[in-house]
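If you're wondering where the values come from, they're calculated on a predicted model, not measured in any experiment.
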Amino acid sequence: MTIRVLLADDQALLRGTFRLLIDAQPDMEVVAEASDGREAVRLARSEQADVVVMDIRMPGVDGIEATRLIGRDEDLAGVKVLVLTTFEVDEFVVEALRAGASGFLGKGIEPAQLLDAIRLVAADEALLSPGATKRLIARFLAQPSPGVLADSGRLATLTPREREVMSLVATGLSNAEIAERLFVTPVTVKTHANRAMTKLGARDRAQLVVIAYESGLVRAGETQP
């Protein structure tokens, strides 16, 4: 199945570079390009994009607001947003994740990393740039926003295993890594994560990360056994 990619960036040269890279892959294609957030939302709908590679800083409607608009639109429920930013960890990245982004990467990444990221996001895997995950967690503590997505009371609907999987997802571990730690299969991990998402109304795994820290399930500095 071909992954339909929408590029949203105000720099035409960067969009052109990404297009050449992505269109050269057998499993993905660029279906449209947008120079601002408003156009990105419109094209995501008209071109039936699977993944939007979204720059945060754009004129007019920026990437954060565009991500929020996509997340609120029921017709775009299946669209994933991968945020690209010059600075891997700043307040804009935090807001993008709260707005519904499925992951983020710095613009200094290698081409192969971008392609892998698009595939991960399209497959419903949360993507947090590995080198920035701990700093991102610290940023959440520095910018508390209680009740944005879930409070601790809503976590009571989760089973102990769902809570455990959710806390491990929040540390940036993959399904395979969590499965190895819990002595279960990756499919079982994905099932628990999906059930947690359904119960908490999370759009995807990245939203589970947001909920885990904003609800207090996991705190910065904590290590998993």
Side-chain angles (χ1 to χ4, degrees), residues 3 5-11 14-15 17-18 21-22 28 30 34 36-37 40-41 44 49-58 61-72 76 78-143 145 148-149 166 169-175 177 193 197 202-214 218 220:
I3 302 171
V5 181
L6 167 63
L7 301 176
D9 196 297
D10 62 336
Q11 298 182 46
L14 188 61
R15 295 199 310 269
T17 301
F18 285 166
L21 176 65
I22 293 169
M28 61 181 74
V30 174
D36 61 51
V41 176
D50 298 311
V51 176
V52 180
V53 178
M54 183 88 75
D55 184 26
I56 286 183
R57 296 181 176 93
M58 291 186 291
V61 176
D62 63 20
I64 294 175
E65 181 59 21
T67 298
R68 187 174 293 113
L69 291 171
I70 289 173
R72 290 174 177 173
L76 300 177
V79 178
K80 306 298 182 183
V81 176
L82 172 60
V83 168
L84 286 180
T85 176
T86 303
F87 304 101
E88 277 198 343
V89 177
D90 56 24
E91 65 273 17
F92 298 109
V93 170
V94 173
E95 289 306 311
L97 289 173
R98 283 176 174 151
S102 295
F104 72 94
L105 289 171
K107 285 188 175 180
I109 59 172
E110 295 295 323
Q113 292 177 295
L114 174 61
L115 297 174
D116 287 344
I118 291 172
R119 294 184 179 105
L120 277 174
V121 169
D124 291 328
E125 292 281 355
L127 178 73
L128 297 179
S129 179
T133 301
K134 290 183 179 179
R135 297 194 299 276
L136 176 66
I137 291 169
R139 178 70 67 175
F140 269 114
L141 274 195
Q143 295 183 349
S145 184
V148 169
L149 291 175
M166 180 176 171
V169 167
T171 66
L173 296 180
S174 67
N175 283 348
E177 291 168 332
M197 285 189 285
R203 183 181 176 89
D204 56 23
R205 288 167 63 96
Q207 290 296 290
L208 279 186
V209 175
V210 176
I211 294 172
Y213 289 102
E214 292 192 329
V218 178

When rounded to the nearest 0.5 angstrom, what is the spacing between CG in Asp55 and CD1 in Ile64?
10.5 Å
Minimum heavy-atom separation for Leu6 to Ala40, with atom names?
CD2-O, 3.3 Å
Any donor-acceptor pair under 3.5 Å linking the side chain of Asp204 with the backbone of Gln207?
yes
Could you check if a side-chain atom of Ser102 sits within less than 4.5 angstrom of a side-chain atom of Val121, using non-hydrogen atoms only?
yes
Less than 4.5 Å apart, side chain to side chain, heavy atoms only: is that true for Arg119 and Ile3?
yes
Carefully, step by step, assess Val61 and Val41 under the rule side-chain contact (heavy atoms from CB on, under 4.5 Å).
CA-CA 10 Å; Val61 176; Val41 176; 5.8 Å; no
Step-by-step side-chain contact (heavy atoms from CB on, under 4.5 Å) determination, Leu84 to Leu105
CA-CA 5 Å; Leu84 286 180; Leu105 289 171; 3.8 Å; yes
For Gln11 and Lys107: C-alpha separation, side-chain torsions, deciding distance, then whether side-chain contact (heavy atoms from CB on, under 4.5 Å) applies.
CA-CA 12 Å; Gln11 298 182 46; Lys107 285 188 175 180; 3.9 Å; yes
When rounded to the nearest 0.5 angstrom, what is the spacing between CE in Met54 and CG in Asp62?
9.0 Å
Taken to the nearest 0.5 Å, the spacing of Leu115 CG from Leu120 CG works out to 11.0 Å
State the CG-CE distance between Leu21 and Met28, to the nearest 0.5 angstrom.
8.0 Å
Considering non-hydrogen atoms only, spot the tightest contact between Ala96 and Val83 and give its length.
CB-CG2, 3.9 Å
Minimum heavy-atom distance Ile211-Met166, with the two atoms named
CG2-CE, 3.4 Å
Do Arg68 and Arg98 come close enough that some side-chain heavy atom pair is under 4.5 Å?
no
In this structure, CD of Gln113 is separated from CD1 of Ile118 (nearest 0.5 Å) by 12.5 Å
Flag the pair Arg203 / Val79 as yes when at least one side-chain heavy-atom distance between them is below 4.5 Å, and no otherwise.
yes
Euclidean distance, Leu76 CG relative to Arg72 CZ, rounded to 0.5 Å:
13.5 Å
Before you tell me yes or no, could you show the steps for Phe104 and Leu82 under side-chain contact (heavy atoms from CB on, under 4.5 Å), namely the whole-Å CA-CA distance, both residues' side-chain angles and the distance that decides it to 0.1 Å?
CA-CA 6 Å; Phe104 72 94; Leu82 172 60; 5.7 Å; no
Tell me the closest heavy-atom pair linking Ala8 and Val52, and the distance in Å.
CB-CG1, 4.3 Å
All heavy atoms of Ala44 vs all of Ile70, minimum pair found to be CB-CD1, 4.5 Å
Quick one: does Arg15's side chain have a donor or acceptor within less than 3.5 Å of a partner on Asp9's backbone?
yes
So which heavy atom on Leu208 is nearest to which on Ala193, and how close?
CD1-O, 3.8 Å
